[in-house]
Enquirer: 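Please find one structure pasted underneath; my questions will follow.
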Amino acid sequence: SLFGNALGGQIPVQIVNCTGLTYLSMWGNNLHGSIPDELGGLNYLQTFDLSSNALTGAIPSSLGGLVGVQILFLKNNMLEGQIPIEISNISGLQQLDLSENSLTGSIPSQLARCIHLQLLDLSG
């Protein structure tokens with residue numbers, strides 16, 4: 001866990017070399033730039049939290065490859081664009097918080113496939 005520090009810069013792509021990583025929390029830092037597509041390859045990840053940074057760009061569709069993720073928090077950034085349909089590939093997803101971004105478009109109906117989803121926050 002690297003939360004609540006003053007870490008800056010972009011998310012290092014080399015994090016994908018931590019192949020057994022199950023918990024990644026970097027919320028509350030000063031990270032900027034886009035979310036690297038490569039992070040979708042962290043197959044064992046269960047919790048993924050990049051909230052409260054200054055991340056920009058679209059949510060990568062590759063995050064749909066995080067098949068083991070139960071908690072996905074990207075809230076309070078500057079992400080834009082649509083919610084990728086591929087997020088619905090995360091069948092065990094229990095909590096999805098994309099609030100406080102600049103997302104547009106409609107909510108993908110495919111999210112209904114996430115039958116374990118208990119929390120969905122897409123607010124302002």
Enquirer: Rounded to the nearest 0.5 Å, what's the gap from CD on Gln70 to OG on Ser91? Could you check?
Expert: 10.0 Å
Enquirer: When rounded to the nearest 0.5 angstrom, what is the spacing between CD in Gln94 and CD in Gln118?
Expert: 5.0 Å
Enquirer: Is the shortest heavy-atom distance from the side chain of Val67 to the side chain of Ile90 under 4.5 Å?
Expert: no
Enquirer: Could you grab the distance from atom CG of Leu39 to atom OG of Ser62, nearest 0.5 Å is fine?
Expert: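 Atom-to-atom, Leu39:CG and Ser62:OG are 7.0 Å apart.
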Enquirer: Got a donor-acceptor contact below 3.5 angstrom from the Asn101 side chain to the Ser99 backbone?
Expert: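 Yes: the side chain of Asn101 pairs with the backbone of Ser99.
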Enquirer: Report yes if the side chains of Thr22 and Leu45 come closer than 4.5 Å at any heavy-atom pair, otherwise no.
Expert: no
Enquirer: Taking all atoms of both residues into account, what is the closest heavy-atom pair of Gly92 and His116, and its distance?
Expert: CA-CD2, 4.1 Å
Enquirer: Give every residue pair that meets the salt bridge (Lys or Arg N to Asp or Glu O under 4.0 Å) criterion with at least one member in residues 8-21, sequence neighbours excluded.
Expert: none
Enquirer: Measuring from Gln110:CD to Ser88:OG, what's the distance to the nearest 0.5 Å?
Expert: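 It is 5.5 Å, given to the nearest 0.5 Å.
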Enquirer: Heavy atoms only: give me the nearest Pro36-Pro60 pair and the separation to one decimal.
Expert: O-CG, 4.4 Å
Enquirer: With ILVMFWY side chains joined below 4.5 Å, transitively, what does Leu119's cluster contain besides itself?
Expert: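 Joined to Leu119, directly or through intermediates: Ile71, Phe73.
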Enquirer: Within a strict 4.5 Å, meaning less than it, do heavy atoms of the Met26 and Leu31 side chains meet?
Expert: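 Yes, close enough: below the 4.5 Å cut-off.
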Enquirer: Could you go step by step and tell me if Ile83 and Leu122 meet the side chain to side chain contact (heavy atoms under 4.5 Å, CB included) rule?
Expert: CA-CA 10 Å; Ile83 300 169; Leu122 305 173; 3.9 Å; yes
Enquirer: Do Val69 and Leu63 have side-chain heavy atoms sitting under 4.5 Å apart?
Expert: no
Enquirer: So which pairs with a foot in residues 98-123 pass salt bridge (Lys or Arg N to Asp or Glu O under 4.0 Å), sequence neighbours left out?
Expert: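 The answer is none; no pair qualifies.
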Enquirer: For residues Leu24 and Ile15, determine if any side-chain heavy atom of one lies less than 4.5 Å from a side-chain heavy atom of the other.
Expert: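 They are in side-chain contact.
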Enquirer: Could you note down all residue pairs passing side-chain hydrogen bond (donor to acceptor under 3.5 Å, both in side chains) where residues 38-56 supplies at least one of them, sequence neighbours left out?
Expert: Asp49-Ser51, Ser52-Asn76
Enquirer: Once rounded to the nearest 0.5 Å, what's the spacing between atom SG of Cys114 and atom CD1 of Ile87?
Expert: 8.5 Å
Enquirer: Distance from Leu79 atom CG to Leu55 atom CG, nearest 0.5 Å?
Expert: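 Spacing of CG (Leu79) from CG (Leu55) equals 6.0 Å.
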Enquirer: Determine whether Leu50 and Asn29 make a side-chain contact, defined as any pair of heavy atoms from C-beta on separated by less than 4.5 Å.
Expert: no
Enquirer: Working note: Ile59 + Leu103, criterion side chain to side chain contact (heavy atoms under 4.5 Å, CB included); need CA distance, chi angles, decisive distance, verdict.
Expert: CA-CA 9 Å; Ile59 298 171; Leu103 300 174; 4.1 Å; yes
Enquirer: State which residues pass side-chain contact (heavy atoms from CB on, under 4.5 Å) with Ala54; sequence neighbours excluded, sorted by chain then number.
Expert: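 Partners of Ala54 under the side-chain contact (heavy atoms from CB on, under 4.5 Å) test: His32, Met78.
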Enquirer: Quick one: are Leu66 and Asn89 in side-chain contact, heavy atoms under 4.5 Å?
Expert: no
Enquirer: Suppose the criterion is salt bridge (Lys or Arg N to Asp or Glu O under 4.0 Å): which pairs have a residue in residues 68-77, not counting sequence neighbours?
Expert: Lys75-Asp97
Enquirer: Is there a path from Ile107 to Leu93 through hydrophobic residues (I, L, V, M, F, W, Y) whose side chains come within less than 4.5 Å of each other?
Expert: yes
